[in-house]
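Have a look at the structure below, then the notes.
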Amino acid sequence: MDHPRPSAYTFNMTRADTGKVEGRGARGVLRFLGLVALGGVTGGLAALLAVGFVGAVVWLNDLLLVSPRGRMMFAHPEWLAVATVLVPTLGGLIVGQLHRAIPEGRPHTPADAIAAVQTRRGRLPPRAGALSALSGLVSLGAGASVGQYGPLVHMGASLGSAGARLLRLGRSEDNITIACGVAAAIATAFNAPLAGIVFAHEVVLRHYALRAFAPVAAAALVGHVIAAEVLDRGALFHVEQLAIPRPWEFGVFLVIGGLGALVAGAYMHAILGVGRLARRLPLAAPLRPALAGAGLGVTALWVPDILGMGQETLRFATIAGAFGSVELAVVMGLKLAATALCLGMGFGGGVFSPALVIGTLFGALCGTLIGLAGAAQDTFVFYAICGMVAVTAPVIGAPLTSLLIVFELTGSYALTTAALASVTLASPIAAQLFGRSLFDIQLTARGLDLSSGRGRAVLEDARLGDLLSQEGVTLRPETTVTAAIHALGQAGHGEAYRVDADGRYRGSLTLADLEVMREQDRSDAPIADCPATPRPVLGPEASIWAAMRQLQEMTGEAIAVVDEDDVFHGVVYESSIARAFLRYSDELRKEEHGAG
C-alpha cells in the first residue's frame, strides 16, 4: 500500500468555528448584559459617525454647488454650468482611484454586510469599510445620484464588526454587533428607532431571537437619542394635518402598489444592466465613474433636480401642485437613469435614497393624474407616500421597515394604513417578478443564493477542504489485486483510490470489483486493469452544499478531492459531511432561537 501524501488540509474544528451559544446561569446573564452594553456603545458611535457623515455631505453639496441652496447663493452664475459638469466628473475620478485600494475594486455595500451575516463569516474588513465610506462621501459630495443610507448602513455594520473583533467575540456575537450598527444607522438617519430594529432583523439577520433583539434595540435607541435629542437632527420631511382618504382611494393605493413593483423592477434592472454594460466598455474601471459624472453633469444642465440625493425634490414632490405631471414624469425618468448610470459605472453610494425619491415622484404623478381626472387633491400626500413605499420596499426587501419609517416620520396612522395597502401588492409582485431585493440579486450574481434560506447559504460558503481526511486508501496503478484487497482489509475500507507516481488521481475502485477479479484468477493482475467505479470528484474549494448534492447520486463512502491539475488531496467521508451539516444546522438553530 502506498502512503498518502502529506496534505495542508485537515479537519479542524476550532472554538470559534463552533459558534457555541453560552449556557444559562449567572455567567450567561453577565455575558448577555455585556452584549447589550456593546450594542449601546456601537449605536452611539454609529450615530455620531452617521451625523458627521450627513453633515459633511451637506457641507460639500453647498460648497461644490450641488445643492439648490448652494446654486442659488453662488455669486458667479456664469461659472455655474462649468461647475455642474466639472464637479461630478472630478468626483468620479477621485472615487475611481479610491476603489483601486479596495481588493474587490468596488465599494462595499449593505449586501456585503448581509453576506457576512448570512454565511456566518462575520468580520467585515475595516480598511474596505473605511474606503467605502470615503467613496460614498466623495460621491455624494460631488453630486452623484446615489443614496446616503447604504454607506451609513455599511459603516455602522463595519463599526459593529470592529467592536466584536476587538473584544475577540465569536461569530454569533459578531453577527449581532453588525446588526447593532445597521440598526443605529437607520435609527439615526430616519429618526426611526423601530424601523432600525426591524430593518436589522428583516434584512440583515433575517431571524428574530431574544438574544439579538435586546442589543439591536439598545443600539437603535442610543442612536436615536443621540441624533434626535442631543444633536437635534430634524426629520426627513414633515407632513401637515391630513385629510382622511375616501374608501375608493384605497383601491387606487393598491393599484399604485402593483405599478410601483414594476417601477422598482425597472430601477433595479437598470442599475444591474448599466453595471454589465460598464464591464464591457473599453475603459479602465477607475475611469468609469468620471465618465458617468460627466454624463450626469451634462444632463443636470437641463434638469438639476437629478443631482445628489434629491431630498429637496422628495420634499417638494409631497406638496400638491409643486410639479406638473409632465415635469414629474421627466424628473422621475431622469432620476432613475442617472442613478443607474452612477451606481452601474462605479460611484459609491446606496440605492435607498434614490428609490425614495423615484417612488415619491411616481406616487405624486399618480396623485396628479387622479386630480386631473376630477378628484379632490386634499389627499395628495397619500399618493406620494404610497408611491414612495411601493418602490422602496421591493428594492430593499423590507416592507415592514418601510411602513415603520412612514409611521415614525409622520406619526399618522391613516398614512401608514394607506401605505400598507400599497405594500400589500408591491413587495409580493416584485419578489415574484424580480427577486426579494436588489441586495439579494447582487449576491446571487456573486454566487451567493439566499433564496433557499440561511442554512443553504452557510453550507455553500463552507469549503470542502476543511473536512479533508488522509485516511483514504491510495494505491499505485501497478499494485496487484491481492495486495489491494489486503490493504483495504487492513484499513477497514471498501473503496480505494488509484494515484500515480506524480500524485495524480486515476480513478476509484471498490473491494467488490477486486474480489471479482480474484475469483477470475487475476489475483496478480495490476489494479490498473480493474474497471474504475464512477465516483464524484470535487475540488478543495468546492462547497459542502455541492458535496451534499453529489451524495444524492452516489452509494459510496467518500468523495475524492482533486485539484485542477488532477493532484489527489485526500477524501471527504460521507459521515464527515453529515456531521458538518448537523453542526452548522445546530449552530444556526441556537443562534436563531437562543434566548440569551
Side-chain angles (χ1 to χ4, degrees), residues 109-111 114-115 117-119 147 150 195 198-208 250-276 332-333 335-337 339-340 343-344 350-352 354-363 365-366 383 385-406 416-457 460 545:
T109 66
I114 294 170
V117 171
Q118 293 304 306
T119 60
V198 173
F199 182 83
H201 285 85
E202 189 175 29
V203 177
V204 179
L205 291 175
R206 306 197 179 194
H207 65 81
Y208 290 87
F250 283 91
V252 180
F253 300 151
L254 279 170
V255 174
I256 289 177
L259 296 175
L262 302 180
V263 176
Y267 174 66
M268 292 188 286
H269 281 276
I271 294 172
L272 298 170
V274 173
R276 289 192 293 269
M332 182 182 73
K335 185 67 179 175
L336 191 154
T339 305
L343 289 174
V351 297
F352 200 171
L356 288 174
V357 177
I358 293 167
T360 306
L361 290 167
F362 166 69
L365 176 61
C366 294
Y383 294 89
I385 297 300
C386 285
M388 180 183 79
V389 174
V391 173
T392 305
V395 170
I396 63 172
L400 286 177
T401 300
S402 302
L403 287 176
L404 281 173
I405 287 175
V406 171
T416 307
T417 305
L420 175 61
S422 292
V423 167
T424 300
L425 284 185
S427 290
I429 289 177
Q432 289 294 326
L433 293 179
F434 311 111
R436 172 170 171 157
S437 71
L438 180 59
F439 305 138
D440 281 21
I441 296 173
Q442 290 173 330
L443 290 175
T444 301
R446 297 176 198 168
L448 179 60
D449 184 3
L450 298 177
S451 62
S452 297
R454 197 177 178 209
R456 175 174 170 175
E460 284 187 334
W545 175 262

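These numbers come from the heavy atoms of this one structure, side chains and all, not from hydrogens, waters or symmetry mates.
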Exercise: identify the closest heavy-atom pair between Ala457 and Leu450 = CB-CD2, 3.5 Å
Only residue of Leu361, Thr360, Val357 satisfying side chain to side chain contact (heavy atoms under 4.5 Å, CB included) with Met332 is Leu361
What is the minimum heavy-atom distance between Leu448 and Ala115, and which atoms define it?
-> CD2-CB, 3.7 Å
Reported OG1-to-CZ distance for the pair Thr424 and Phe253, which is rounded to 0.5 angstrom | 12.5 Å
Do you know the tightest heavy-atom contact between Val203 and Gly397?
-> CG2-O, 4.1 Å
Would you please test Val252 and Tyr383 for side chain to side chain contact (heavy atoms under 4.5 Å, CB included) and show each step?
-> CA-CA 9 Å; Val252 180; Tyr383 294 89; 3.6 Å; yes
For Phe362, enumerate each residue passing the ring pair (Phe, Tyr, Trp, His ring centres under 6.0 Å) test, keeping only those at least two apart in sequence or located in another chain.
-> none
In terms of heavy-atom contacts, Val389 and Pro394 come closest through O-CD, 4.0 Å
For Tyr267 and Val351, indicate whether the former's side chain and the latter's backbone hold a donor-acceptor pair under 3.5 Å.
-> yes
Which heavy atom of Val423 sits nearest a heavy atom of Pro428, and at what distance?
-> O-CD, 3.6 Å
Evaluate the side chain to side chain contact (heavy atoms under 4.5 Å, CB included) criterion for residues Leu262 and Leu433: first the C-alpha distance (whole Å), next the side-chain angles of each, then the deciding distance (0.1 Å), finally the verdict.
-> CA-CA 9 Å; Leu262 302 180; Leu433 293 179; 3.9 Å; yes
How many angstroms lie between atom CG of Leu356 and atom CD1 of Ile385, to the nearest 0.5 angstrom?
-> 9.5 Å
Interatomic distance, CG@Leu403 vs OG1@Thr416, rounded to 0.5 Å, equals 7.0 Å
Classify the ring geometry between Phe199 and Phe352 as parallel (under 30°), tilted (30 to 60°) or perpendicular (over 60°).
-> parallel
Side chain to side chain contact (heavy atoms under 4.5 Å, CB included) evaluation trace for Val198 with Tyr208 | CA-CA 9 Å; Val198 173; Tyr208 290 87; 4.1 Å; yes
Rounded to the nearest 0.5 Å, how far apart are SG of Cys386 and CD1 of Ile256?
-> 5.5 Å
One should read off an interatomic distance between Leu343 CG and Ile271 CD1, to the nearest 0.5 angstrom, of 5.0 Å
Looking only at heavy atoms, the pair that brings Leu254 and Leu425 closest together is O-CD1, 3.3 Å
Using a 3.5 Å cut-off and no angle test, enumerate the donor-acceptor pairs between side-chain atoms of residues 436-445 and protein atoms at least two apart in sequence or in another chain.
| unit_1 | atom_1 | unit_2 | atom_2 | d |
| --- | --- | --- | --- | --- |
| Arg436 | NH2 | Glu202 | O | 2.8 |
| Ser437 | OG | Phe439 | N | 3.4 |
| Ser437 | OG | Asp440 | N | 3.2 |
| Asp440 | OD1 | Arg206 | NH2 | 2.7 |
| Asp440 | OD2 | Arg206 | NH1 | 3.1 |
| Thr444 | OG1 | Asp440 | O | 2.8 |

CD1 on Ile405 to CD1 on Ile396, rounded to 0.5 Å | 6.0 Å
